[in-house]
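Here's the structure we're looking at; comments come further down.
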Amino acid sequence: MKKLPFLFLLFIATLAAHAQGKLTGVVLDSATRQPLAFASVFLANTTLGATTTEQGEFVFPKVPAGSYDMVGSYVGYNLSKQPVTVGKAAAPQSITLTLSASGPTLGEVVVHASPHSQEDYDKFSGLFLGQTAFSQQCRITNPKNVVVFINDSTQELVASAKNFVEVENDALGYRLKYYGMSFRFSPDGRAGSFDGQPVFEEMTPQDDQQRQQWAANRAKAYAGSFTHFLRSVYTNTLKAQGFLAQRVRLQPNPAYARAEAQRQALLGQRPNGPYSIAQQDSLDEWGGVQPAFAVVYPGVRPIDSIRHVSADRQHTYLRFTGDLQVAYFGETPDPAYGQPMSPLGYSRTPYPAEREVSKVRLLARQVEILPNGSLHDSEAVALGEYWGFEKIGEFMPLDYEPPATLAPTPAAPPRAQPASGRAQMR
């Protein structure tokens, strides 16, 4: 899948509605159908978790409306995952999770860091945690459980963990357990993705001052995030929430065509015609000439050119043509973001100097926005620039409720219903 520079498929974090539902269930051994006592059950990308009783039963009394992956974990068993949907004012649901035994192992292999593997691990850690001020306060607490290597055929950096990767975020006050992680990045680290089933645990603050600092940092991590943007699109409150959405069009660069023709001539080859999106998004090594430039239309995109609501008002979609440039005003970018923000074009009223500018590309015709602020298909969107820069340091759970000053103002939101699908990582 093509990814913009610094792509970071995100699992999005927000609560789009106060409607809640109840989930109950039981965890069973898939072979014997016997209940598994004291198994761990959680809703991925949330702080919602439970432990089964001696009868293998569990309950989630209050789950915000939306779609989730319910995950079961038990020592000696493979993870079990099942999509669940909680609708507005829905009746309680009962779920049965079956776990299969992982089987006996002939001794667990632990990869100890050599100078080369330590270098690979450090690169993984930097890409996974990120480089923001909040990311600098994150640490992986079980590094020996992480296996990192270079794929011989693709030269991608690949990482996985047998059970989970545990991260403590001292900036936000969350302990994150990332189950079933699949991580891969290109050799230059500019494009890649990772996926899995994370669960958040609230850390205990040392004092009230730290509690207040965590609350402030969480609000800052949420403000201007892709989740914040999606909720603003859903409720048609982009301007009120401090966002500006603009159209971006890629325009071919004649200088690149000339440089490519020269390169092909030197190689004794004929020019091979039009270039793919992948080629357009990368810098050509021949003289460092860009294949295309991004032309920004300075006008504000109307909501109907970004959002489509179904005729029955039951579904809301993110839908637009071309690339979308999104600026968020009112927040100072992280000092570690070392590149200038993309220009916004001419405006009679000058735009605020403090802004964070990101790019969004749809990889499908449209993608549904769910009531909890996530997307129906996590792979239908590619993010670049500032949203691609933010990673685990700003990773927030789906059930986080932002302060009232950041919550979208009600504006006759469409009554969308949740649909099954994966959450998106940011």
Side-chain angles (χ1 to χ4, degrees), residues 4-14 44-47 121-143 146 148 157 159 161 164-178 181 183 185 189-196 198-203 205 210-230 328 331-339 341 354-358 373-374 383-400 402-403 406 423-426:
L4 294 175
F6 303 104
L7 169 64
F8 193 65
L9 291 178
L10 303 162
F11 285 118
I12 314 167
T14 191
N45 306 292
T46 75
T47 60
Y121 175 82
D122 291 342
K123 187 175 181 180
F124 153 75
S125 178
L127 290 169
F128 180 62
L129 299 178
Q131 303 297 325
T132 68
F134 289 169
S135 294
Q136 299 305 313
Q137 298 181 60
C138 295
R139 64 187 183 94
I140 298 174
T141 60
N142 60 341
V146 183
V148 184
L157 184 71
F164 57 80
V165 180
E166 184 176 80
V167 178
E168 287 191 355
N169 188 334
D170 290 329
L172 303 182
Y174 289 121
R175 182 177 295 105
L176 175 68
K177 290 183 178 179
Y178 212 99
M181 184 186 71
F183 172 102
F185 263 76
R190 295 185 62 186
S193 64
F194 60 86
D195 200 355
V199 61
F200 292 79
E201 299 175 4
E202 294 268 4
M203 295 169 60
Q210 187 175 54
R211 186 191 308 276
Q212 294 179 24
Q213 186 62 58
W214 283 349
N217 288 350
R218 291 173 185 179
K220 181 175 176 61
Y222 172 81
S225 65
F226 188 51
T227 299
H228 187 190
F229 167 74
L230 283 177
Y328 178 69
E331 184 173 73
T332 303
D334 191 284
Y337 188 70
Q339 56 182 315
M341 296 294 170
E354 296 292 343
R355 57 181 181 258
E356 299 162 351
V357 183
S358 305
S374 61
L383 306 178
E385 297 188 20
Y386 200 79
W387 280 336
F389 166 71
E390 294 182 319
K391 298 188 179 177
I392 289 294
E394 287 72 27
F395 192 12
M396 298 287 291
L398 277 166
D399 53 326
Y400 170 73
L406 287 176
Q424 180 161 354
M425 184 185 357
R426 91 185 254 287

Interatomic spacing from [atom1] in [X] to [atom2] in [Y] - rounded to 0.5 Å:
X	Y	atom1	atom2	value
Leu127	Lys391	CG	NZ	5.0 Å
Glu390	Ser225	CD	OG	7.5 Å
Met341	Glu354	CE	CD	9.0 Å
Ser358	Phe229	OG	CZ	9.5 Å
Met396	Leu172	CE	CG	6.0 Å
Lys220	Gln213	NZ	CD	11.0 Å

Do you know the tightest heavy-atom contact between Cys138 and Gly393?
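Closest pair (atom of Cys138, atom of Gly393, distance): SG-CA, 3.9 Å.
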Heavy atoms only: give me the nearest Pro198-Tyr178 pair and the separation to one decimal.
CB-CD1, 3.6 Å
Who pairs with [X] by side-chain hydrogen bond (donor to acceptor under 3.5 Å, both in side chains), at least two apart in sequence or on another chain?
X	value
Asn142	none
Asp334	none
Gln210	none

Hey, are the side chains of [X] and [Y] touching, using non-hydrogen atoms and a 4.5 Å cut-off?
X	Y	result
Phe389	Gln339	no
Lys123	Leu157	yes
Ser374	Leu398	yes
Leu176	Val199	no

Evaluate the criterion side-chain contact (heavy atoms from CB on, under 4.5 Å) for residue pair Met181 and Phe164; output intermediate values, then yes/no.
CA-CA 7 Å; Met181 184 186 71; Phe164 57 80; over 6 Å; no
Side chain to side chain contact (heavy atoms under 4.5 Å, CB included) partners for [X], two or more places apart:
X	answer
Glu201	Arg175, Lys177
Arg139	Thr141, Glu168
Gln136	Gln131
Ser135	Thr132, Glu394

Is any NZ, NE, NH1 or NH2 atom of the basic residue among Arg355 and Glu385 found under 4.0 Å from an Asp or Glu carboxylate oxygen of the other?
no
Could I get the full list of ring-ring contact (aromatic ring centres under 6.0 Å, His included) partners for Phe183, not counting sequence neighbours?
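Expected list: Phe124, Phe185, Phe194.
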Could you work out, with ring-ring contact (aromatic ring centres under 6.0 Å, His included) as the rule, every residue matching Phe134, not counting sequence neighbours?
none
For Phe200 together with Phe395, are the ring centres under 6.0 Å from each other?
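Judged by ring-centre distance (under 6.0 Å), Phe395 and Phe200 do meet the cut-off.
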Verify ring-ring contact (aromatic ring centres under 6.0 Å, His included) between Tyr174 and Trp214, making sure each step is shown before the conclusion.
CA-CA 9 Å; Tyr174 289 121; Trp214 283 349; 8.4 Å; no
Testing Asn45, Thr47, Thr46 for side chain to side chain donor-acceptor pair (under 3.5 Å) with Asp399, which one passes?
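By the side chain to side chain donor-acceptor pair (under 3.5 Å) criterion, Asp399 pairs with just one of Asn45, Thr47, Thr46: Thr47.
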Test your reading of the model: is there a side-chain donor-acceptor pair from [X] to the backbone of [Y], 3.5 Å cut-off?
X	Y	answer
Trp387	Gly224	yes
Asn217	Ala171	yes
Ser125	Asp122	no

